[in-house]
2 protein chains.
Amino acid sequence: MSRNRILIVDDEPAIREMVAVALELADFDVLEAENAQRGHEIIVDERPDLVLLDWMLPSVTGIELARRLKRDETTNEIPIIMLTAKSEEDNKVQGLDVGADDYITKPFSTRELISRIKAVLRRASSAAAEKAIEVEGLCLDPVSHRISANDEPVDMGPTEYRLLEFFMSHQERAYSRTQLLDQVWGANVYVEDRTIDVHIRRLRKALAPFGFDRFIQTVRGTGYRFSVKAAKAS
Amino acid sequence: MSRNRILIVDDEPAIREMVAVALELADFDVLEAENAQRGHEIIVDERPDLVLLDWMLPSVTGIELARRLKRDETTNEIPIIMLTAKSEEDNKVQGLDVGADDYITKPFSTRELISRIKAVLRRASSAAAEKAIEVEGLCLDPVSHRISANDEPVDMGPTEYRLLEFFMSHQERAYSRTQLLDQVWGANVYVEDRTIDVHIRRLRKALAPFGFDRFIQTVRGTGYRFSVKAAKAS
DNA sequence: CTCAACTTGTCATACGCATGTCATAAAAGA
DNA sequence: TCTTTTATGACATGCGTATGACAAGTTGAG
């Protein structure tokens, strides 16, 4: 698991700095934005794992940004922790209503901040792990442990299932055979690199009747990739 | 039946302690939280059987937490008993409006508390357990403790009954043998994992004459699943 | 109390699918 | 064309599942 990326949106450089240092010590990667607009850009471009959002921001408030994020399909699953300057009841309630996953009142201890962040991330990731992934009719449901294509069940072996699961949760990215081996088979497993080819083939074969084998693309000289886009110009 | 787990959310340690002792004497497992945030985390993570929720809590009030719990699909079935410090009618009414299953006014006797808890639990569990489940002609009636397929009685052992009951109330979901053991046999029971296979077989055998064994599906490398959908593409 | 009928957990064994590897064909670059 | 890389079919092995049998435990009727 790569380190979690956290975006802190706050107009006070001092606060950003303080939080950033604390987060880095706690083994997070930190992104920073000093206002809501910039924050929104970064969220869209970088898709951080969590956003720390100051309540009071110049022009567009944090609450407004939160509302927008939660309204947008592409960002509404990114957890938000609101930072409120004062301990005002109203703020907290409103913040939660807006869809924030938690809030924390300044001043706060970095210890508390970290533990809140971890709690929210834990919740988010377990929720995400149970969520079905669906791409153009190809659907993987981790709960029932089943693949379906246009609601037709698709039959495949356990390894192909895990392979597809990995691919679908890491789309648009090329992986070497070794990487796939580590991720899907697990580290410290001695398996021939070329074995991947065979499993790729089996996965394609299972998806082929529905035409979904086009998602499993060969990246010559490197490995494989799951991509919704066409592999090449036709 | 494992012991019911009860979460007490109250900011006063003295009260928590008192209630906790009383509940443990009454053979409940007790979880504690001192504020709404922590309470919410525990509820999400641990899924207690019932929540005792103080009306007045710092920052996020109990009432607000109750509202959120009842609004969330995943937590709205967990019964809530509100604890109000004063005997204010308004509170009670509002508390019930929010979705609390009962309320109780401080100071209360532990005797009363226990009996209220049991009443609520009884209601909750019977509400959930007394409804017959029917799937495509296969019907499980918890009241008469009977299975019927197209109105024909189906004969099976008690364990197979419980297994089927669990499956039918948790459809479309794959369970490992260990999970099934915990859920159907109960935790802290030492039974061989492979024993599940045998009971699955017996259950299938009982359902086979009606063709309903197709619902009991093997998820290779994982466990079993009850599903109405076909196991594999034909 | 005794016996029969039934349950239930475990084991041994049979079965079948899944997996890893190889040999070879096909394809893509150079 | 030649070389490198990937695709594919076949195959042996091994692992996970299915199945039948059995012994111990339980229940209930006589």
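This structure is a prediction, so every number in the text was calculated from the model and none was measured. Just so it is clear, the values below take in all heavy atoms, side chains as well, and ignore hydrogens, waters and symmetry mates. In what follows, every chain begins at residue 1, and chains take the letters A, B, ... in the order their sequences are listed.
- One can place CZ of B:R201 at 18 Å from P of C:dC11, the figure rounded to the nearest angstrom.
- Within the nucleic acid shown, B:T195 comes within 4.0 Å of at least one base atom, counting heavy atoms only.
- Salt bridge B:R162/B:E165: absent, no basic N to carboxylate O contact under 4.0 Å.
- Rounded to whole Å, the distance from CE on B:M156 to C1' on C:dT8 is 16 Å.
- A:R177 pairs in a salt bridge (charged side-chain N to carboxylate O under 4.0 Å, His left out) with only one of the listed residues (A:D197, A:D182, A:D193), which is A:D197.
- Taking side-chain N and O atoms only, A:R177 has a distance below 4.0 Å to OP1 or OP2 of D:dT6.
- Listed pair B:T218 / D:dA18 meets the phosphate criterion, a side-chain N or O lying under 4.0 Å from OP1 or OP2.
- When the C1' atom of D:dT19 is taken as reference, atom CG of B:D213 falls 14 Å away, rounded to whole Å.
- Between the base of D:dG20 and the side chain of B:R202 there is no donor-acceptor pair shorter than 3.5 Å.
- Residue contacts shown for A:Y224 are limited to sugar-phosphate atoms, with no base heavy atom under 4.0 Å away.
- Residue A:V198 is the one, among A:R220 and A:V198, whose nearest nucleotide of DNA chain C lies closer to the 5' end (criterion: closest heavy atom).
- Rounded to a whole Å, the OH atom of B:Y190 is 15 Å from the C1' atom of C:dT8.
- Between B:Y175 and the choices B:Y224, B:F226, B:F166, the ring-ring contact (aromatic ring centres under 6.0 Å, His included) rule is met once, by B:F166.
- Within the structure, every side-chain polar atom (N or O) of B:W185 is placed at least 4.0 Å from both OP1 and OP2 of C:dT8.
- One finds no side-chain N or O of B:R194 lying less than 4.0 angstrom from the OP1 or OP2 phosphate oxygen of C:dG9.
- Using a cut-off of 4.0 Å between Lys/Arg side-chain N and Asp/Glu carboxylate O, A:D141 and A:R146 are scored as not salt-bridged.
- Taking atom NE2 of residue B:H199 and atom P of nucleotide C:dT10, one finds them 9 Å apart after rounding to whole Å.
- B:R204 comes within contact range of the sugar-phosphate backbone alone, with a heavy-atom separation under 4.0 Å but no base atom that close.
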